[in-house]
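By convention in this document, chain letters (A, B, ...) are assigned in the order of the sequence lines, proteins followed by strands, and residues within each chain are numbered from 1.
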There are 2 protein chains.
Amino acid sequence: MQFTKAEEYGILGVLYLVAKGGTAVTPLSEIAEAREIPEKFLAKIFQSLARFGIVRSYRGVRGGFALTRNPAEITVMAVLEAIQGPYHLLRCIPDPDHCDNTDRCALRDLLMVVEKGLVETFESHTLADLGEWEHAKGVTVI
Amino acid sequence: MQFTKAEEYGILGVLYLVAKGGTAVTPLSEIAEAREIPEKFLAKIFQSLARFGIVRSYRGVRGGFALTRNPAEITVMAVLEAIQGPYHLLRCIPDPDHCDNTDRCALRDLLMVVEKGLVETFESHTLADLGEWEHAKGVTVI
DNA sequence: TCGTTATGCAATTCACGAAAGCAGAAGAAT
DNA sequence: ATTCTTCTGCTTTCGTGAATTGCATAACGA
Ligand code: SF4
Ligand code: SF4
């Protein structure tokens with residue numbers, strides 16, 4: 001059970017936008033360099049985020065990405081789901097037919113509890129929250 | 001972020017021992033067949049469990065594995081850590097030197113909260129608990 | 001019209017999870 | 001003693017999916 005790079009980069013990326021304060025349109029090149037993320041990989045991630053309505057893209061000179069909403073309205077969960085789809089620890093959780101044992105498996109029951117806790121934590125924290133944490137530590141954009 | 005097969009098989013394996021009621025010495029072949037787990041893979045997992053003192057091994061004819069303690073004294077967390085070492089969602093959590101940004105990263109802070117929740121859930125459930133859940137559903141050993 | 005930046009796929013690389021293999025040690029049964 | 005069983009401790013292989021790169025194209029601003 002491990003947090004993936006895509007998830008990490010995605011969060012760090014939007015957090016960079018938050019740190020810049022809301023609506024500034026920022027090119028991937030800037031984010032990638034500032035946070036040391038492979039640019040093409042970040043592009044892929046941000047395309048998902050754009051499709052999901054977390055960010056909006058602007059092409060051309062002085063284009064880039066910007067948040068579509070107030071950071072306080074975007075939960076970490078939303079970002080994670082945009083990046084890698086519905087969140088599940090095990091296939092059998094969303095798909096009971098995946099295993100012919102789902103209805104009497106205690107492990108599955110436990111993991112559903114665990115997953116619920118996970119989701120609740122990710123849903124109860126918004127980008128604005130994380131932004132404030134950073135701010136309190138004196139993090140600068142560049 | 002995904003639960004691994006090794007983790008799943010490990011829990012299912014010890015749960016089989018619990019279902020057999022405590023101290024019965026059971027060969028891997030039986031567990032592997034009953035729960036449809038690749039036997040050699042399970043062997044590797046159980047070797048870790050044995051090293052960690054979760055189970056004890058007996059060689060020779062009518063040998064196999066048995067729990068060392070009462071299921072009520074073995075937490076799910078203990079089993080998971082025996083299988084895959086210290087539990088962390090991201091390298092930078094146990095090892096602050098992994099990234100030169102650990103002291104001002106809000107994502108890391110959040111993941112530490114998440115991880116704490118995870119660990120607490122896994123620690124607050126024992127094998128006996130899971131065994132009872134199964135029992136309540138009428139799960140039989142074979 | 002030119003340079004910049006995102007878009008959409010394809011292709012590639014790479015790490016690690018997952019699984020299999022095998023020689024050997026330990027032990028029980030006979 | 002011998003034999004059969006079962007774990008032990010590697011080594012090796014396999015496969016999937018993560019992680020990364022590449023490229024041709026579209027949109028857009030200057
Ligand atoms: S055995 Fe249990 S945990 Fe594993 S796939 Fe089936 S239901 Fe899920
Ligand atoms: S950027 Fe943050 S989350 Fe990523 S490795 Fe560094 S401290 Fe950990």
For A/Lys44 and D/dA19, what is the distance between atoms NZ and C1' respectively, to the nearest whole Å? 8 Å

Could you state the atom-to-atom distance from CG of B/Leu49 to P of D/dC7 in whole Å? 13 Å

Sub-4.5 Å side-chain heavy-atom contact between A/Arg69 and A/Ile54: yes

Compare all side-chain heavy atoms of B/Arg62 with those of B/Val25 and state whether any distance is below 4.5 angstrom. no

For the side chain of A/Lys40, counting heavy atoms from C-beta on, which of D/dG22, D/dT6, D/dT5 is nearest? D/dG22

Which whole-number value in Å describes the distance from B/Arg56 CZ to D/dC7 C1'? 13 Å

Non-hydrogen atoms of B/Thr68 and B/Val55 that approach each other most closely: CG2-C, 3.4 Å

May I ask you to say what B/Ala6 touches in the nucleic acid, namely base, sugar-phosphate or nothing, with a heavy-atom cut-off under 4.0 Å? sugar-phosphate

Whole angstrom value for the distance that separates C1' of D/dA30 from CZ of A/Arg62: 12 Å

Value in whole Å for how far the P atom of D/dG22 lies from CZ of A/Phe41: 15 Å

Position toward the 5' end of DNA chain D (nearest nucleotide), A/Glu7 or A/Arg59: A/Glu7

Base, sugar-phosphate, or nothing for B/Tyr9, non-hydrogen atoms under 4.0 angstrom? sugar-phosphate

Hey, what do you get for CE (B/Met112) to NE2 (B/His88), rounding to the nearest 0.5 Å? 9.0 Å

Quick one: B/Leu42 CG to D/dT8 P, roughly how many Å, whole number? 12 Å

I need the CD-C1' distance between A/Gln47 and D/dC23, as an integer number of Å. 13 Å

Would you mind telling me which residue lines up with the more 5' stretch of DNA chain C, A/Tyr58 or B/Thr4, judged by nearest nucleotide? A/Tyr58

Kindly assign one of parallel, tilted or perpendicular to the pair B/Trp133 and B/His125, based on the angle between their ring planes and the thresholds 30° and 60°. perpendicular

Note, B/Leu12 side chain near A/Cys105 side chain (heavy atom, < 4.5 Å): yes

B/Phe3 and B/Phe122 aromatic ring geometry - parallel, tilted or perpendicular at 30°/60° bounds: tilted

Nearest-Å distance for atom pair CD1/C1', residues B/Ile45 and D/dC7: 15 Å

So where does chain B start and stop touching DNA chain C, 5' to 3', when the test is distance under 4.0 Å to a non-hydrogen atom? C/dA18 to C/dA28

Which part of the nucleic acid, if any, lies within reach of A/Phe46 when heavy atoms closer than 4.0 Å are counted: base, sugar-phosphate only, or nothing? nothing

